[in-house]
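Below, all heavy atoms of this structure are taken into account, side chains as well, without hydrogens, waters or symmetry copies. Throughout, residue positions are numbered sequentially from 1 according to the sequence presented.
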Amino acid sequence: QVQLVESGGGLVQPGGSLRLSCAASRISFSDYTMGWYRQAAEKQREFVARITVSGTATYGDSMRDHFAISRDNAKNTVYLQMNTLKPEDTAVYYCHATPTVVGWTRQYWGQGTQVTVSS
């Protein structure tokens, strides 16, 4: 019954910015580390960023200078601010939840939101 719903994707020109949102429902949000992954056409899924319950962020290679992950535990929402976008950033972006509680093993994925960087 857990749902992760991404929004905010779309078409943006190179150098532009976009803010993605992931709204979680039917989940104890503060018990989960949240993250973003992306998958470009014909490519494997790639780690983008992760944020702990307390707000510690981790970024994939070459992501820190352009992307910023944040979360609002009161709103059960995680965000990805994407700046200075390049055509190489074109991909489907997926929200991900990993439990922090010992004994909980199930992870959750959203359906993804398309980001296209093109002029």
Side-chain angles (χ1 to χ4, degrees):
Q1 294 183 348
V2 171
Q3 287 191 336
L4 303 176
V5 181
E6 303 95 336
S7 62
L11 177 64
V12 63
Q13 293 185 335
S17 299
L18 214 57
R19 184 178 177 86
L20 305 183
S21 298
C22 172
S25 61
R26 306 189 202 95
I27 189 174
S28 52
F29 189 74
S30 295
D31 288 324
Y32 287 83
T33 295
M34 303 299 298
W36 289 94
Y37 291 74
R38 70 184 185 186
Q39 187 166 18
E42 310 299 330
K43 303 294 184 180
Q44 292 186 334
R45 191 163 296 188
E46 177 185 24
F47 170 70
V48 175
R50 180 182 297 113
I51 186 167
T52 67
V53 176
S54 61
T56 300
T58 302
Y59 296 90
D61 293 343
S62 303
M63 303 292 181
R64 178 175 291 275
D65 291 341
H66 303 284
F67 296 169
I69 189 171
S70 61
R71 66 189 290 165
D72 188 332
N73 291 335
K75 296 181 179 179
N76 285 16
T77 302
V78 62
Y79 306 93
L80 183 68
Q81 179 66 46
M82 310 167 66
N83 299 319
T84 319
L85 285 164
K86 302 170 291 185
E88 307 91 86
D89 296 317
T90 296
V92 177
Y93 285 72
Y94 296 92
C95 184
H96 180 246
T98 303
T100 63
V101 179
V102 175
W104 296 9
T105 60
R106 187 171 181 179
Q107 301 179 41
Y108 301 96
W109 291 91
Q111 293 299 307
T113 184
Q114 177 71 50
V115 172
T116 302
V117 184
S118 176
S119 59

Inset, instruction - Answer yes or no: is there a donor N or O on one side and an acceptor on the other, between the side chain of Glu6 and the main chain of Cys95, under 3.5 Å? - result: yes
Inset, instruction - Treating Ile, Leu, Val, Met, Phe, Trp and Tyr as nodes and any side-chain heavy-atom pair under 4.5 angstrom as an edge, say whether Leu85 and Leu80 lie in one connected cluster. - result: yes
Legend entry - Donor-acceptor pair, side chain of Thr113 and main chain of Gly9, under 3.5 angstrom: yes
Inset, instruction - Check whether any side-chain heavy atom of Trp36 sits under 4.5 Å from a side-chain heavy atom of Phe67, and report yes or no. - result: no
Legend entry - For the student: nearest non-hydrogen atoms of Asp89 and Val117, plus distance: CB-CG2, 4.3 Å
Inset, instruction - Identify the two heavy atoms, one from Asn76 and one from Ile27, that lie closest to each other, and give their separation to 0.1 Å. - result: ND2-O, 4.0 Å
Legend entry - Partner set under side chain to side chain donor-acceptor pair (under 3.5 Å) for Gln39, not counting sequence neighbours: Arg45
Inset, instruction - Please check if any side-chain donor atom of Ser118 sits under 3.5 Å from a side-chain acceptor atom of Thr116, or the reverse. - result: no
Legend entry - Arg50 side chain near Tyr37 side chain, heavy-atom distance below 4.5 Å: yes
Inset, instruction - Please name the pair of heavy atoms, one in Trp104 and one in Pro99, separated by the smallest distance, quoted to 0.1 Å. - result: O-CG, 3.4 Å
Inset, instruction - Just do the side-chain hydrogen bond (donor to acceptor under 3.5 Å, both in side chains) check on Ser17 and Asn83 with the steps written out, would you? - result: CA-CA 4 Å; Ser17 299; Asn83 299 319; 3.0 Å; yes
Legend entry - Heavy atoms of other groups near Glu88 CD, more than 12 under 6.0 Å: yes
Legend entry - Gln114 to Ala91 - nearest heavy-atom pair and separation: NE2-O, 3.4 Å
Inset, instruction - Spell out, yes or no, whether Trp109 and Phe47 are grouped together once hydrophobic residues are joined by side-chain heavy atoms under 4.5 Å, including indirect joins. - result: yes
Inset, instruction - Would you give the length of the straight line joining atom OG of Ser54 to atom CG of Asn73, rounded to the nearest 0.5 angstrom? - result: 9.5 Å
Legend entry - Flag, side chain of Thr77 to backbone of Ala23, donor-acceptor distance under 3.5 Å: no
Inset, instruction - Please say whether more than 12 non-hydrogen atoms of neighbouring residues, nucleotides or ligands are located less than 6.0 Å from CD in Gln111. - result: no
Inset, instruction - Give a yes or no on whether Ile69 and Val92 share a hydrophobic cluster (residues Ile, Leu, Val, Met, Phe, Trp, Tyr; joining criterion: side-chain heavy atoms under 4.5 Å apart). - result: no
Inset, instruction - Determine whether Tyr79 and Leu18 fall in the same hydrophobic cluster, where Ile, Leu, Val, Met, Phe, Trp and Tyr are linked whenever their side-chain heavy atoms lie under 4.5 Å apart. - result: no
Legend entry - Min side-chain heavy-atom separation Leu4-Met34 under 4.5 Å: yes
Legend entry - For Phe29 against Ala24, the heavy-atom pair lying closest together: CD1-CB, 3.7 Å
Legend entry - side chain to side chain donor-acceptor pair (under 3.5 Å) partners for Ser30, two or more places apart: none
Inset, instruction - Mark yes or no for whether Tyr59, through its side chain, and Asp65, through its backbone, hold a donor-acceptor pair below 3.5 Å. - result: no
Inset, instruction - Please check if Val2 and Tyr32 belong to a single hydrophobic cluster, counting links between Ile, Leu, Val, Met, Phe, Trp and Tyr side chain heavy atoms closer than 4.5 Å. - result: yes
Legend entry - Atom of Thr33, atom of Arg71 and distance for their closest heavy-atom approach: CA-NH1, 4.1 Å
Legend entry - Pairwise distance CD(Glu46) to CZ(Arg38) - rounded to 0.5 angstrom: 4.5 Å
Inset, instruction - Could you go through the side chain to side chain contact (heavy atoms under 4.5 Å, CB included) check for Val48 and Tyr94 one step at a time? - result: CA-CA 10 Å; Val48 175; Tyr94 296 92; over 6 Å; no
